[in-house]
Amino acid sequence: ARMIISASRRTDIPAFYADWMMNRIRAGFCAVPNPFNRKQISRISLLPSDVEVIVFWTRNPKPLMRYLSEMDSLGLHYYFQFTILGYPREIDPKCPPLEAAIRVFQELSDHVGPRRVVWRYDPIVFSVKTPPDYHKRRFARIASELSGYTKRTVVSIVDSYRKAEIRMKALEGKGAGITECDSDDFGSLMRDLAALAARNEMEITSCAEDIDLSCHGIRPGKCVDDELIAEAFGIDASHKKDPSQRKTCGCVVSRDIGMYDSCVFGCPYCYATQSFERAGENHKEHDPHSPSLLGWYDPETPRAEI
């Protein structure tokens, strides 16, 4: 059966591992160790005949963009979940500057069409530096720049993941301490975001929210989305909810080919990176010719063969 590939919820493959990704597509497979038991290795086919769609998650697709025409010529279907927040450096230390990110988004949309680039304004972090009013202004600005370049925006509220808690507390020392958002302010911000999205001809959905935002005009969405896949590619994908994702996640089943602790953007709220130091070392040691993103996890492809 053909499957949907997620590349990846665990790291930013387009930004940091684009060459590896293209090498794997050319090889027709990649190897992914089970995050909880590295001895268990899955060989996942990346042959166009086995892949329905690749969903890329990224803050900077630029390094991958030079390969899109090659991917097109192979007949691969893909779309992007592209996060642009434009947060202050205290909160997002290494993400591309806002203007650059917007330009890349427009360029990507020109190549693949607005349906295949989803703008993520998530997670929404309420802090001393980013109160509700900040989000309203920032969202308004980005939405107007992306108007016509995307059909959908996704929002979510930051979750306190255990891995990220200490890092989030440390923001206080940088003058960006996390704050609570009272329910009136929250409701009015959500309604504002819904109105801004509509004004810029974007559908707005939420991602894996415990709180129902539909009373504010934001319906629950799916990032790996069978409806989007049907609309953009005319493919009838699996409609089965992914049981390995959180209860509130609407995504349909996909196989993730990333590995944790390999993204070097260093966002304090990240759930996928336990140690920024380890992620930096892993990134340095990464071999773009390896079958797996980190290390060499494929017993069937000895190093000497490369």
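Model, not experiment: these values are computed from the prediction.
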*Establish, from distance only, whether the side-chain atoms of Asn60 and Thr58 form a donor-acceptor pair under 3.5 Å.*
no

Can you give each donor-acceptor pair under 3.5 Å made by side-chain atoms of residues 272-280, sequence neighbours left out, with the distance rounded to 0.1 Å?
{"residue": "Ser275", "atom": "OG", "partner": "Glu277", "partner atom": "N", "Å": "3.4"}
{"residue": "Ser275", "atom": "OG", "partner": "Arg278", "partner atom": "N", "Å": "2.9"}
{"residue": "Arg278", "atom": "NH1", "partner": "Asp261", "partner atom": "OD2", "Å": "2.5"}

*Does any non-hydrogen side-chain atom of Leu293 lie less than 4.5 Å from one of Ile257?*
no

*Which atom pair, heavy atoms only, marks the closest approach of Pro288 to Asn23?*
O-ND2, 2.9 Å

*Is there a donor-acceptor contact under 3.5 Å linking the side chains of Asn200 and Tyr149?*
no

*Which residue pairs satisfy the ring pair (Phe, Tyr, Trp, His ring centres under 6.0 Å) criterion with at least one member in residues 224-253, sequence neighbours excluded?*
His77-Phe233

*Any chance you could lay out the side chain to side chain donor-acceptor pair (under 3.5 Å) test for Thr11 and Ser262, step after step, and finish with the verdict?*
CA-CA 6 Å; Thr11 187; Ser262 60; 2.9 Å; yes

*Are side-chain N/O atoms of Ser127 and Thr130 paired as donor and acceptor at under 3.5 Å?*
yes

*What are the two closest heavy atoms between Arg9 and Cys251, and how far apart are they?*
NH2-SG, 3.1 Å

*Quick one: which of Val118, Leu64, Ile54 gives a side chain to side chain contact (heavy atoms under 4.5 Å, CB included) with Phe80?*
Leu64

Side chains of residues 96-107: which donor-acceptor partners sit under 3.5 Å, not counting sequence neighbours?
{"residue": "Glu99", "atom": "OE2", "partner": "Arg141", "partner atom": "NH2", "Å": "3.1"}
{"residue": "Gln106", "atom": "NE2", "partner": "Glu145", "partner atom": "O", "Å": "3.0"}
{"residue": "Glu107", "atom": "OE1", "partner": "Lys62", "partner atom": "NZ", "Å": "3.4"}
{"residue": "Glu107", "atom": "OE2", "partner": "Lys62", "partner atom": "NZ", "Å": "3.0"}

*Of Tyr269, Tyr271, Phe126, which is the lone residue that meets side chain to side chain contact (heavy atoms under 4.5 Å, CB included) with Val158?*
Tyr269

